[in-house]
Number of protein chains: 2
Amino acid sequence: MDKQKKDQTTEEKILEAAKQIFLTKGLDGARMQDIADEAGINKAMLHYYFRSKDKLFEQIFIEVVGHFLPKIIAILTSEKTIFEKIEIFCSEYISQVMQAPYVPVFILNEINKQPEAFLKKVLGGREIPVELFLKQLEKETKSGIIRKVDPVELFMNLIALCAFPFVARPIVQLITGKDMKQFMTMMEARKKEIPKLIIDSIKK
Amino acid sequence: MDKQKKDQTTEEKILEAAKQIFLTKGLDGARMQDIADEAGINKAMLHYYFRSKDKLFEQIFIEVVGHFLPKIIAILTSEKTIFEKIEIFCSEYISQVMQAPYVPVFILNEINKQPEAFLKKVLGGREIPVELFLKQLEKETKSGIIRKVDPVELFMNLIALCAFPFVARPIVQLITGKDMKQFMTMMEARKKEIPKLIIDSIKK
DNA sequence: TTCTTTGTTAACCAAACGGTTAAACTAAGT
DNA sequence: ACTTAGTTTAACCGTTTGGTTAACAAAGAA
């Protein structure tokens with residue numbers, strides 16, 4: 001047990017342990033006993049504080065996603081040029097994921113297992129404020145700065161290039177022989193490589 | 001039950017059903033009873049033919065991956081220019097996945113849950129014949145056709161752009177409102193868009 | 001026919017699972 | 001010292017799970 005855990009409340013211990021277990025094993029693969037062991041507490045406490053496995057999972061899920069999405073949205077709706085936004089997006093996204101490398105796999109699994117529930121949980125009725133971003137694209141297309149671009153594909157390419165290496169990380173590491181530190185160094189470099197690639201492809 | 005299933009052997013029925021269930025639910029999420037129901041047979045037959053859940057899963061896994069990898073390797077080791085290889089790779093990869101859209105998620109999950117076992121199963125002692133591809137890159141760099149490129153990153157970008165949309169497909173469909181047919185049309189178009197993007201980024 | 005092999009079924013089993021309970025413990029308030 | 005409310009524990013419960021078994025059926029082989 002970490003030294004820190006001693007002055008954490010039981011609820012905090014559970015949340016931390018559940019996050020660790022759910023992120024690495026997924027909902028199906030995680031056992032309540034695993035979480036209890038990881039937290040160093042009795043299994044009954046999980047139910048005392050969070051009633052059921054599903055409730056606990058949802059708590060973790062909302063915490064994890066709720067930490068990511070706002071930052072992304074903030075970037076898209078900020079007062080920057082498209083080129084700047086692309087640069088900031090990649091840098092920020094990769095920074096975020098570097099601190100929690102399992103998050104992309106975790107999210108992609110949820111997306112595939114229950115897409116509607118996913119959107120509902122994540123957005124909770126709100127809408128993605130994508131309007132502003134679309135208008136900006138349109139404007140900068142007309143003013144001739146960039147060529148005509150499908151915003152969905154642009155966004156998809158961005159996330160693909162940023163997120164995919166993390167999703168395939170274990171195999172990338174095995175093939176290249178990179179340890180975690182070297183892998184992270186590569187991703188650090190990609191913060192600049194990816195925007196270059198994307199911006200080059202949409203510039204006129 | 002499909003009309004076809006009647007003149008399939010029990011073993012074939014099981015393999016088909018197991019593939020369907022494992023691909024969509026994963027190893028942890030799949031139940032032996034689910035597979036038996038899907039195949040329209042008694043659960044005991046699964047063990048009669050394949051002994052255990054793990055053995056059955058491995059069979060499916062090897063079948064699925066064994067169908068993909070050789071095609072990819074064939075392209076990399078063929079006698080084409082890099083530009084041609086990139087074009088063929090994207091086109092072929094996307095075509096393959098369009099016929100089995102769940103495969104990338106399935107594989108990425110395995111990669112993350114047991115990376116070493118994954119490589120062992122997939123390669124079975126063999127090596128990825130990457131030498132030839134590396135030499136080709138080196139040669140075409142020296143002759144000035146392309147700029148200096150890290151082959152790992154080139155390859156990672158390729159797969160990222162081809163595979164990621166399928167991995168995030170449910171959410172992409174929900175956000176864009178595209179049905180399966182429209183999604184596939186988009187991916188069909190990407191067979192040409194992705195090579196353009198990649199080739200532009202490595203051309204001198 | 002009779003025997004043997006192969007395929008199939010329903011019933012069963014032990015273990016693992018998520019979840020519950022009642023009692024014990026702790027600490028703060030009276 | 002007594003009460004009370006919140007917390008923690010071990011033991012337990014019903015269900016589900018992967019896996020087994022024994023009886024049985026179909027089809028050749030003798």
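Only a predicted model underlies this, so the values are computations on that prediction, with no experimental measurement involved. Proteins come first, then strands; the chains are lettered A, B, ... in the order of their sequence lines, and each starts at number 1.
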Between [atom2] on [N] and [atom1] on [X], what's the gap in Å once rounded to a whole number?
X	N	atom1	atom2	answer
Ile14(A)	dT7(D)	CD1	C1'	11 Å
Asp37(B)	dA10(C)	CG	C1'	15 Å
Asn42(B)	dT21(D)	CG	C1'	12 Å
Gln33(A)	dG18(C)	CD	P	9 Å
Ile41(B)	dG7(C)	CD1	C1'	11 Å
Lys25(B)	dT17(D)	NZ	C1'	14 Å
Glu12(B)	dG7(C)	CD	C1'	15 Å
Leu46(A)	dA10(D)	CG	C1'	15 Å

Do the numbers put Arg169(B) on top of the ring of Tyr102(B), so that NZ or CZ is under 6.0 Å from the six-membered ring centre and no more than 45° off the axis?
->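 Yes, cation above the ring, under 6.0 Å and within 45°.
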
Is Lys19(A) close enough and on-axis enough to Phe106(A), meaning under 6.0 Å and within 45°, for cation-pi?
->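 No, Lys19(A) does not sit over the ring of Phe106(A).
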
By nearest atom, which of the nucleotides [options] is closest to the [X] side chain?
X	options	answer
Thr10(B)	dT8(D), dT8(C), dT17(D)	dT8(C)
Ala44(A)	dT20(C), dG19(D), dT6(C)	dT20(C)
Lys43(B)	dG19(D), dG7(C), dG18(C)	dG19(D)
Ser52(B)	dG6(D), dG19(D), dT8(C)	dG19(D)

Using a cut-off of 4.0 Å on non-hydrogen atoms, how would the nucleic acid contact of [X] be classed: base, sugar-phosphate, or nothing?
X	value
Tyr49(B)	sugar-phosphate
Met32(B)	sugar-phosphate
Ala30(A)	sugar-phosphate

Establish, with yes or no, whether the OP1 or OP2 oxygen of dT16(D) is under 4.0 angstrom from a side-chain nitrogen or oxygen of Arg31(B).
->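 No.
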
Any side-chain N or O of His47(A) less than 4.0 Å from the OP1 or OP2 oxygen of dT20(C)?
->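 For dT20(C), neither OP1 nor OP2 has a side-chain N or O of His47(A) closer than 4.0 Å.
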
Can Glu153(A) and Arg190(B) be counted as an ion pair, charged N to O under 4.0 angstrom?
->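 Salt bridge between Glu153(A) and Arg190(B), a charged N being under 4.0 Å from a carboxylate O: yes.
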
Identify whether the distance between the nearest side-chain nitrogen and carboxylate oxygen of Glu38(A) and Lys13(A) falls below 4.0 Å.
->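 Salt bridge: no.
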
Asp28(A) or Met45(B): which one's nearest nucleotide on DNA chain C is closer to the 5' end?
->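 Going by which nucleotide is closer to the 5' end, it is Met45(B).
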
Give, for atom CG of Leu154(A) and atom CG of Asp150(A), the distance between the pair rounded to the nearest 0.5 Å.
->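 Leu154(A) CG to Asp150(A) CG: 8.5 Å, rounded to 0.5 Å.
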
